Structures are given as structure tokens and as C-alpha cells.
Student: 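Pasting a structure below so you can have a look.
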Amino acid sequence: MDDWKPSPLIKPFGARKKRSWYLTWKYKLTNQRALRRFCQTGAVLFLLVTVIVNIKLILDTRRAISEASEDLEPEQDYDEALGRLEPPRRRGSGPRRVLDVEVYSSRSKVYVAVDGTTVLEDEAQEQGRGIHVIVLNQATGHVMAKRVFDTYSPHEDEAMVLFLNMVAPGRVLICTVKDEGSFHLKDTAKALLRSLGSQAGPALGWRDTWAFVGRKGGPVLGEKHSKSPALSSWGDPVLLKTDVPLSSAEEAECHWADTELNRRRRRFCSKVEGYGSVCSCKDPTPIEFSPDPLPDNKVLNVPVAVIAGNRPNYLYRMLRSLLSAQGVSPQMITVFIDGYYEEPMDVVALFGLRGIQHTPISIKNARVSQHYKASLTATFNLFPEAKFAVVLEEDLDIAVDFFSFLSQSIHLLEEDDSLYCISAWNDQGYEHTAEDPALLYRVETMPGLGWVLRKSLYKEELEPKWPTPEKLWDWDMWMRMPEQRRGRECVIPDVSRSYHFGIVGLNMNGYFHEAYFKKHKFNTVPGVQLRNVDSLKKDAYEVEVHRLLSEAEVLDHSKNPCEDSFLPDTEGHTYVAFIRMEKDDDFTTWTQLAKCLRIWDLDVRGNHRGLWRLFRKKNHFLVVGVPASPYSMKKPPSITPIFLESPPKEEGGPGAAEQT
Amino acid sequence: MSRISKNVILVLLTLTSSAFLLFQLYYYKHYLSAKNGSGLSKSKESRIGFDGTQWRAVKKFIMLTSSQNVPVFLIDPLILELINKNFEQVKNTSHASSTSECKFFCVPRDFTTFALQYQLWKNEEGWFRLAENMGFQCLKVESKDPRLDWIDSLSGTEIPLHYICKLTSHAIHLVVFHERSGNYLWHGHLRLKGHIDRKFVPFRKLQFGRYPGAFDRPELQQITVDGLDVLIPKDPMHFLEEIPHSRFIECRYKEARAFFQHYLDDNTVEAMTFQKRAKELLQLAAKTLKKLGVRFWLSSGTCLGWYRQCSIIPYSKDVDLGIFIQDYKSDIISAFQDAGLPLKHKFGKVEDSLELSFQGKDDVKLDIFFFYEETDHMWNGGTQAKTGKKFKYLFPKFTLCWTEFVDTKFRVPCETIEYIEANYGKTWKIPIKTWDWKRSPPNVSPNGVWPVSEWDEVIQLY
């Protein structure tokens with residue numbers, strides 16, 4: 001290196017003192033042309049590589065960012081889902097995006113056909129009266145909801161208003177009247193029909209026929225109406241044929257962020273209608289609730305079986321409340337649907353739960369009973385480690401502390417053989433007769449409506465002799481029979497942890513529900529600490545009852561027990577009354593007393609060895625049947641037990657209650 | 001002049017760009033490792049084999065599952081065996097320390113197999129999406145739930161059986177275990193449906209999924225191998241031993257339902273009582289033999305009941321089990337006695353025609369037949385107590401499979417139909433209530449008479 005002399009060519013740079021060895025070497029090479037070329041090409045290549053690495057880095061970083069921001073894939077999945085919801089037979093294969101809709105309205109028959117496929121047909125006698133409403137997806141023509149509102153009867157128009165308001169704008173609405181649809185069609189409903197653009201709807205008269213097709217919030221696509229000429233006759237049948245232009249899929253959908261939950265929501269909302277804000281574009285109601293976990297949850301691994309039929313709106317309401325309850329574990333929930341109904345399955349899928357459909361066996365009550373059996377068996381098969389199962393029905397609201405209540409009490413089922421079940425429902429727990437959410441009772445009757453079943457009881461006793469399909473028995477009546485119950489009792493809360501909102505079930509009618517279920521008390525306080533749970537065990541409970549009876553003040557038996565003044569206007573006292581009860585099954589006086597207390601009187605519920613416990617005017621009120629009850633000895637000798645005679649009118653015997 | 005500056009500029013550019021490049025490489029590495037979680041120590045590059053696609057796939061998979069709290073455990077037979085052999089060493093190696101060589105996850109293979117208990121999997125769908133976003137190509141095999149099979153009217157959501165997730169050339173096979181009645185875990189058959197790409201992975205090489213399988217529920221432990229934290233069965237040896245004999249066959253529920261449609265179920269109290277007692281006896285016998293570690297299977301009438309009607313034949317009088325004579329242990333008798341089942345009679349001897357009978361509670365008898373293996377067949381013996389006559393029952397050779405019966409895991413001959421036809425003939429489907437064990441079976445043949453001198457030993461009645 002010493003003999004190196006800078007070439008004259010690069011003299012100006014020779015002034016630089018600091019020169020790396022490398023540079024020096026490189027300059028030396030510049031003398032050789034080939035090498036210089038080589039270096040130049042090398043440098044250019046090097047530059048190119050740098051550029052490529054740069055680009056790759058940018059691309060990678062980009063991808064990573066898009067991954068990180070959880071927004072998973074683009075819409076394609078959803079488009080596929082939509083593709084599956086083929087509209088009923090699209091005519092031709094051309095790009096024509098129009099549906100042929102036919103709507104028929106008459107006295108005894110209605111039908112709706114979309115592109116030649118009948119989507120509604122009702123010519124059954126004595127049912128289906130009123131306004132039939134069908135909602136179509138405006139992009140696919142898929143039927144999203146089918147309802148009938150018997151607007152001849154009161155309050156049905158309110159339900160219709162509620163429903164129509166929930167339908168998303170842009171959907172295709174089809175209405176048709178069967179028989180009579182105007183008698184109880186009130187102004188609000190008529191105003192709503194007017195706002196939909198209907199001419200005849202708001203003016204619908206007695207026994208008119210009417211067919212309507214329109215877009216919610218958009219133009220009317222067709223309407224026909226025929227006035228009834230006289231009170232005793234019907235309007236002429238009308239047949240409305242109209243074309244409904246389909247809109248593009250994007251228009252029909254909301255632009256929710258693309259998350260797992262919204263994917264479920266989108267699938268649901270493109271299929272069904274009538275679930276209100278869950279499908280609202282702007283501010284959809286959540287479908288995941290993540291309630292607080294329960295500390296030391298003893299029922300975290302207890303499977304929950306939800307027994308359902310085809311009442312998807314009920315199921316929706318029920319699952320919402322269930323999934324909002326503290327301590328719920330969604331993967332333990334299985335919904336058993338009695339029949340191959342799609343919509344309940346859609347509801348189950350919306351909440352990401354497990355759903356199982358059950359082919360109907362037998363009829364009426366026996367069908368329900370067989371469905372129960374299959375569901376319970378399947379539950380214990382699916383969760384072979386479980387010692388218990390929670391059994392719920394689709395028409396229940398679940399209290400926020402439902403699982404907390406069970407977690408605190410479930411050990412009783414393990415430790416006390418004399419228990420049959422734990423139930424969340426108090427048959428006698430009405431607004432005016434229940435008070436203390438921390439209090440539990442033992443009762444000889446099985447209330448059902450949200451209860452815990454012990455696996456050993458089911459597997460060893462109930463399952464082998466469960467009523468066969470040809471016996472048209474109610475499963476719950478059967479379970480209450482002495483052969484099954486064998487003297488065992490259920491633990492119930494004073495204030496129910498479930499609320500029975502069902503109206504249109506197999507076993508229920510509207511009046512019945514109004515009278516016996518509507519005023520039931522339902523706990524809304526979270527995290528209630530149950531009091532003295534171990535005193536519910538067999539022997540401890542007797543001690544507890546004796547203590548209660550000893551400190552109870554005996555009421556004035558000369559007063560009429562049906563009068564409000566029978567109980568003094570105090571608070572926090574314990575009172576006892578003695579009624580006549582000759583034998584263990586003599587409930588004459590009790591039934592009359594229950595009637596005037598306005599509590600469950602259709603059969604005997606809530607008794608424990610001839611003792612009933614409830615609240616009146618915030619006082620604990622005990623009723624003892626004398627002399628059948630072993631607690632009769634607490635009766636002061638001076639007291640004559642109250643006797644109330646049953647009215648002479650013949651009544652349905654006990655047991656007929658739920659079949660009404 | 002211009003040439004010089006051109007050169008100089010070139011050189012300068014090269015220098016800056018190389019500086020940039022270095023910086024970028026550094027940054028890129030940093031970024032990658034940040035994406036892959038922080039577990040990666042910097043010394044990684046100096047280790048051997050840790051950059052293989054295999055190790056990286058496993059690492060990514062483990063990261064994915066642990067970030068989602070999915071408790072997968074390693075069941076890969078090859079790796080478990082390696083771990084089992086080097087167990088002490090593996091145990092002593094704590095986190096991140098001296099492992100300088102990738103020993104376990106870098107043996108070149110197409111798969112690594114993991115398993116998961118399904119009920120512990122909280123967010124399957126989310127996991128699946130995340131896996132795909134991380135670059136895994138996943139294949140999911142589903143089927144209907146066999147636990148609902150016997151109730152023919154139920155149809156539910158399908159359950160996942162297998163996931164195969166491929167990252168470049170290495171695939172992770174995730175076997176989904178489901179809990180079954182009888183406290184065991186079950187995995188399904190990997191059946192390729194029509195639309196599945198048969199070349200996705202070399203399916204034939206998979207170690208699980210050729211048949212459904214049944215396993216004891218393993219306890220798990222956490223270990224660190226090759227710098228990765230994995231769960232493995234606490235007793236890897238036991239698990240490895242289970243694998244070759246894990247094949248599971250489902251009861252033929254459909255045929256059983258057809259059978260009951262034809263012959264109707266006996267719902268009398270006596271029938272149900274017998275079935276209940278026989279079930280309890282079977283469960284007790286299973287528990288006792290399992291404790292001893294003796295392999296056994298459902299034989300004769302009990303096997304027929306399982307195969308034909310998925311239940312205990314109500315008019316049979318006893319419960320029958322088979323045991324290979326090489327599995328015989330002398331403490332069988334005392335173990336049953338301790339379990340409350342006294343010996344009723346003992347026929348034959350270990351070398352020939354051994355048969356044990358135990359008295360269960362409530363008059364139900366437990367018969368255990370010992371099977372002897374010849375080159376082309378198996379046989380078990382019978383002895384008539386009064387006359388000392390010997391009988392031989394021949395069976396074609398068979399292997400053992402698991403099944404579920406009366407809420408318990410039992411073994412049965414895998415070649416069940418051959419076994420049953422040997423014992424009951426082609427007409428086994430028709431219920432017969434009178435059965436003479438000396439004459440009725442088509443596979444019975446006389447086998448001489450015990451010499452009177454041996455009677456004391458070979459005919460013991462209690």
C-alpha cells in the first residue's frame with residue numbers, strides 16, 4: 001500500500017484525510033476498467049436488492065397491520081351465505097331481478113306465492129283469522145318472517161304495530177286478510193298502515209278482503225281491496241299480482257364492522273325479521289353479554305338444557321336473559337328444539353350456542369314429554385361427567401342471580417337424599433306474597449320452571465320408567481306423582497329466580513297466564529347472599545320450622561281470613577293461622593284460602609307437611625293444617641281451626657291445572 | 001471529473017443503502033420476533049436446527065393456542081417416545097437454558113400431532129380464523145355427534161373431530177377428543193368427504209384418525225422441550241401403550257333400533273331389574289380388572305347383547321367376559337373376592353380350559369372364560385361338573401377394540417361378526433331363550449374327559 005499514489009483523476013478527493021481502507025482499495029481498482037464496471041454493476045444490484053427488501057418490508061408490515069386489526073376477512077363469506085338463501089325459483093337465468101308476487105285474500109282462504117312458489121297457504125277452518133303478514137328480503141326474495149295477527153280480537157293490533165315497527169326499512173311487506181281483520185284494528189295500527197302507503201288498510205272495514213304489497217318506507221307495489229256489501233257477508237276474494245324489483249345485496253344490508261359477532265348477526269338478520277334492534281344498522285343491540293363471573297361458582301360445569309318448541313321470539317328473549325345472568329357458561333348450554341324448525345335454530349346460532357333438533361314423536365302432551373326425555377338423556381350423554389343438569393324452558397326469564405342462587409344451594413342436592421330438586425320458581429311467590437330474596441323453603445310439590453335435576457335420580461329412577469309415547473301424560477304431572485317423588489322435597493326460593501312469560505304455549509292460554517303468572521315476583525337484585533342454606537337439610541329444617549312456630553304470633557281466628565285485616569298492619573312479624581285439614585290430602589280449606597289470597601289454587605302447591613309459608617304485608621305468614629300436620633301440636637287449645645267451605649259449584653279436580 | 005463523482009456517488013450510495021439494508025434487516029427480524037411473541041431469545045440464531053419449517057410451525061401453533069387459552073397437549077407418538085426416553089433430561093432442563101440443539105421438534109416429518117379436550121375449547125371459531133390469519137391453512141373434519149346416536153330422533157350441530165393446519169410444508173394435526181360416558185376420551189374417524197383435497201397432506205401417514213379411538217383421560221404436565229412449553233400426558237408411557245389398541249367401534253344403534261322394532265323391548269319389572277343388576281356387575285368387574293391391569297372383553301351372551309341390541313339381553317342369566325390366558329394373574333380371584341364377588345366355581349387349570357365363575361349380588365353370575373391361542377384359531381374350554389366332560393369352543397382369530405356399553409368403556413373383538421357367528425351361527429339375530437351351552441353353539445366340540453385324579457383340581461365348586 002505504501003507505494004500507492006493517487007491517480008491524477010481523483011486528485012480533488014485526495015485532500016480528504018479520512019479515507020477508509022476499503023475506499024482506498026476501491027479507488028485503486030478504478031484503474032482497471034473491467035473491475036470498475038463490475039463494481040458499478042454490483043452497486044446497482046445492491047441498490048436493487050435494497051429496494052426489494054424495502055418493498056417487502058412495507059408489504060409485510062401492511063399485512064401485519066390488517067391482521068392485527070381483527071377485522072378478519074372481507075365480505076366474501078357473507079356473500080356466500082346470501083347465495084345459499086336462494087330466492088324461491090328465480091325465473092329464467094337472465095339478469096332479471098324481479099319477483100312475481102301473488103297475494104290472495106278471501107273469507108276462507110289466503111295464500112301468497114313468490115315466483116310461483118307458495119310461501120303461505122291457509123284454508124283451514126276456524127283458524128288463521130286476521131291479517132297475515134309476510135316479510136321478504138328485498139335482495140333475495142327469501143321469506144324472513146311470517147305472522148298472523150288476529151285483529152278481530154283485542155290487543156292483536158298492538159302486536160302487529162310492534163312487529164311492523166321492528167321490520168327494517170326497505171324490506172318487502174305483504175299483507176292479506178283472512179275472514180275478518182278490522183274489528184279490533186285501532187287507530188294506531190291504521191295510522192301505521194297509512195304510513196306504509198296503504199290506501200285501503202287504514203279504511204279496512206268489517207269483513208273486507210284486502211291484499212297489499214309494499215316496501216317498508218318505500219313505494220307501494222300493489223294493493224287490492226274489496227268492501228263487504230253487508231254485515232252478514234264478506235268482500236269478494238281478491239287476487240293481487242305484482243312485480244317486485246329486487247335491490248342489490250349491499251343495499252339490503254347494514255355495514256357493521258366485520259367481526260365474528262357481526263358475522264353471526266349478519267347471517268341472522270339476512271334470514272329472519274322481527275327481532276328488533278338486534279338487526280338495527282346504526283346501533284345494534286349486543287349479542288354477547290359477558291356478565292360478571294361468579295366467584296367460586298359451583299355450577300360452572302353444570303350443563304344447562306333449554307327445552308324449546310317453535311317460539312323463536314320467546315327463545316330469543318329467554319336466551320338473552322340466560323346469557324346475561326352472572327356466572328353463566330355458554331358452552332354448557334344446549335338448546336333442544338322440538339321439531340325441525342329453522343327459525344329457533346337461527347336464534348340459537350345467533351348467540352353461538354349448541355342447538356339440537358328433535359323429530360317429533362307422539363302428539364300433544366306426550367310429545368312434550370318425549371321431547372323432555374330425549375333432551376335430558378342427550379344432556380347427560382353430552383356431559384358424561386356432570387352430576388346435575390339445569391332444566392329451563394323457552395318461555396322463562398332468568399334472574400340475574402340465577403346461577404348464584406344455584407351455586408349457593410346445589411350442595412344440598414349432593415348432601416341430602418330427601419331432596420328431589422332445586423327449583424328457581426315459587427308457585428306461591430306473587431308480588432303480594434313474596435318478600436325475602438335470601439330465604440329458601442322446602443316444599444313437597446315440584447314447581448319446575450327452571451330447576452336442577454340430579455343425574456342419579458334421572459338415570460336410576462326416572463329414565464327407565466319414563467312414560468312411553470302412547471301414554472298421553474304430562475311429564476311434570478308424572479314427576480309429581482307419589483310413585484316418582486317418593487316423599488322427597490324440592491328447595492325453592494321465596495322470591496322466584498325465573499319468570500314465566502309464556503302465553504301461547506301448548507299448556508297455556510292468555511287468560512290463564514294473566515291470572516296465575518303475570519303478578520309473580522321475580523328477583524332483580526344481583527348477588528343475593530342466601531341465608532342459612534344448610535338449615536334446608538331435612539332435620540335442620542324441622543328445627544327451623546319449630547323455632548318459627550314457637551316465636552310466631554297466633555292470629556285472631558275469629559276474623560275472616562279473606563279480609564285484608566286478618567293480618568295486622570305490621571312489618572317484620574311472624575304470624576301463624578291454623579286451618580282445618582282432616583287428612584293429608586284434605587285441602588278444602590287451603591284451596592279456599594288460596595283463592596282469596598289470590599295465589600295458586602288450581603292444585604296444592606308449596607306445602608311442607610301441612611305447612612305453607614308466605615308473606616303478607618311484609619310479615620311472614622304461616623298456615624298450618626290441623627290436625628293432619630305434625631305441627632298441629634303448636635296450636636293453642638283455645639283456637640278453633642278455620643274452616644272454609646268450597647263453593648257448591650263443580651270444579652275441575654286438582655291435576656287439571658296445566659291442561660287448561 | 002464526472003466519472004469520478006459518478007463513482008464516488010455510487011460508492012456512497014452503496015454504503016448508505018447497505019447501512020439501510022442492515023438497519024432494515026435488523027428491524028425486520030425484530031418485527032418478526034415481536035409478531036411471533038416474545039418467547040424467542042436472541043441467542044436463537046446460534047442454536048442448531050431452530051429455523052426449520054417444522055419447528056417454526058410447532059412454535060406458531062403453540063403460540064396460537066396458548067394465546068387463546070386452548071389447552072392442547074402433545075400426543076405425537078414419535079416425539080412422545082423421544083421425550084419419554086430422555087425424560088430425566090427434559091425434566092431437568094429448565095426454561096430457556098442450555099438447549100442448544102433442537103432434538104424433538106426438528107426430526108424431519110410431515111406432521112406433528114396434538115390433541116385437545118373439546119369441552120375446554122372456549123372459542124373455536126375465533127381460533128380457527130386466527131390460525132388462518134397467522135398463515136395456517138386449515139382443514140376441519142366434522143361429523144355428527146355419536147353421543148346422540150342412539151336417540152334416532154335427535155340431530156344437532158356437528159362436532160369437530162380433526163383439524164389439520166399446514167404452515168408451509170409442515171402440518172399440525174389436532175385431534176379433538178370428546179368426553180364420553182364411562183370417563184374416557186373419544187376421537188373420531190378422519191373421513192375425507194368428497195370436496196376435500198386429497199393431496200392437502202399425506203393423509204395415510206397420519207397416526208390418528210384411521211379409526212375412531214378411545215383413551216383414558218390423561219393427566220397433563222407442562223414441560224419445556226426445544227425451547228417450547230408444551231403439555232404432555234403425565235404418564236407418556238401409558239399413553240403410548242394405549243395408542244396401538246385404541247381403536248373404537250360404536251354400537252350399532254340403528255340395527256339395534258330395528259331389532260327392537262321387530263321384537264319389542266322387554267319392559268317388565270323383572271327384565272329391568274336384571275338389566276340393572278347385570279350392568280352394576282359389569283361395571284364392578286371392569287373396575288376390578290382394570291385395577292389389576294388385566295385385559296378382558298365382552299364375550300358370549302353379553303357380547304351378543306351389545307352387538308345385536310346395544311343392551312343386556314334381559315333373559316340371560318349371567319354376564320360373560322373373556323380374558324387371554326397369557327393375561328391371567330393369580331390374584332384375580334382374591335381381587336374379585338375383595339370386591340364382594342366370591343368365587344362360585346373354577347373349572348380347568350391355567351394350562352387347559354380355565355374358567356372362573358363369580359357370584360354377584362342378587363343372583364347374577366359373572367363367568368370369565370380364558371382364551372387360548374393356536375396358530376390359526378383361538379379357543380376356550382368348558383367343563384361339565386357332573387361328568388367331568390370337557391368341551392372346546394373354537395373362534396377365528398380376533399383382535400380387541402374398545403366400545404361403549406352400559407355407560408362404560410369395554411373391549412370387544414374387533415371382528416365381532418365373525419366372533420358372534422362362530423358362537424351363535426348365522427341366525428344370531430333371532431332371539432332364542434333356551435340355550436344349551438353344551439349343544440347349542442355351532443362352535444362347540446367335545447374335548448375328552450378330565451382324568452378323575454385331577455377332578456379335585458379342575459372342578460372346584462363353592
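Below, read A as the first sequence line, B as the second, and so on, with proteins coming before strands; counting in each chain starts at 1. The structure presented is a predicted model; accordingly, all values stated were derived computationally and were not measured.
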Student: Taking atom CD of B:E219 as the centre, does the number of heavy atoms from other residues, nucleotides or ligands within less than 6.0 Å exceed 12?
Tutor: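 For B:E219, atom CD is not crowded (no more than 12 foreign heavy atoms under 6.0 Å).
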Student: To the nearest 0.5 Å, what is the distance between CZ on B:R147 and CZ on A:F383?
Tutor: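 If we round to the nearest 0.5 Å, B:R147:CZ and A:F383:CZ are 7.5 Å apart.
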Student: For B:D145, which atoms come within 4.5 Å of any heavy atom of chain A: side chain, backbone, both, or neither?
Tutor: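 For B:D145, the side chain is the part near chain A, not the backbone.
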Student: Identify which part of B:L148 has an atom lying under 4.5 Å from any heavy atom of chain A, answering side chain, backbone, both or neither.
Tutor: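 The side chain, not the backbone.
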Student: Do you know which of A:K459, A:K465, A:E385 has the most heavy-atom pairs under 4.5 Å to chain B?
Tutor: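 Among A:K459, A:K465, A:E385, the one with the most close pairs to chain B is A:E385.
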Student: I need the A:M332 CE to B:Q119 CD distance, nearest 0.5 Å.
Tutor: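 Interatomic distance, A:M332 CE to B:Q119 CD, rounded to 0.5 Å: 8.0 Å.
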Student: Side chains of B:S155 and A:Y340: does their closest heavy-atom pair fall under 4.5 Å?
Tutor: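 The answer is yes, as the side chains (C-beta and beyond) meet within the 4.5 Å cut-off.
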Student: Counting heavy-atom pairs under 4.5 Å to chain A, which of B:K276, B:Q275, B:H178, B:R217 comes out on top?
Tutor: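 Winner by heavy-atom pair count: B:R217.
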Student: Looking only at heavy atoms, what is the nearest atom pair of B:L154 and A:A374, with distance?
Tutor: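 Heavy atoms only, the tightest pair is CD1-O, 4.0 Å.
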Student: From A:N381 CG over to B:E179 CD, what is the distance, rounded to the nearest 0.5 angstrom?
Tutor: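 So the gap between those two atoms works out to 12.0 Å.
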Student: Check the surroundings of atom CD in A:E342: do more than 12 heavy atoms from other residues, nucleotides or ligands lie under 6.0 Å from it?
Tutor: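 Not buried by this count: 12 neighbours or fewer within 6.0 Å.
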Student: Could you pull out all residues at least two apart from B:K140 that satisfy salt bridge (Lys or Arg N to Asp or Glu O under 4.0 Å)?
Tutor: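 Only B:E124, B:E142 meet the salt bridge (Lys or Arg N to Asp or Glu O under 4.0 Å) criterion with B:K140.
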Student: What residues, two or more places apart in sequence or in another chain, satisfy salt bridge (Lys or Arg N to Asp or Glu O under 4.0 Å) together with A:E460?
Tutor: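 Here no residue qualifies.
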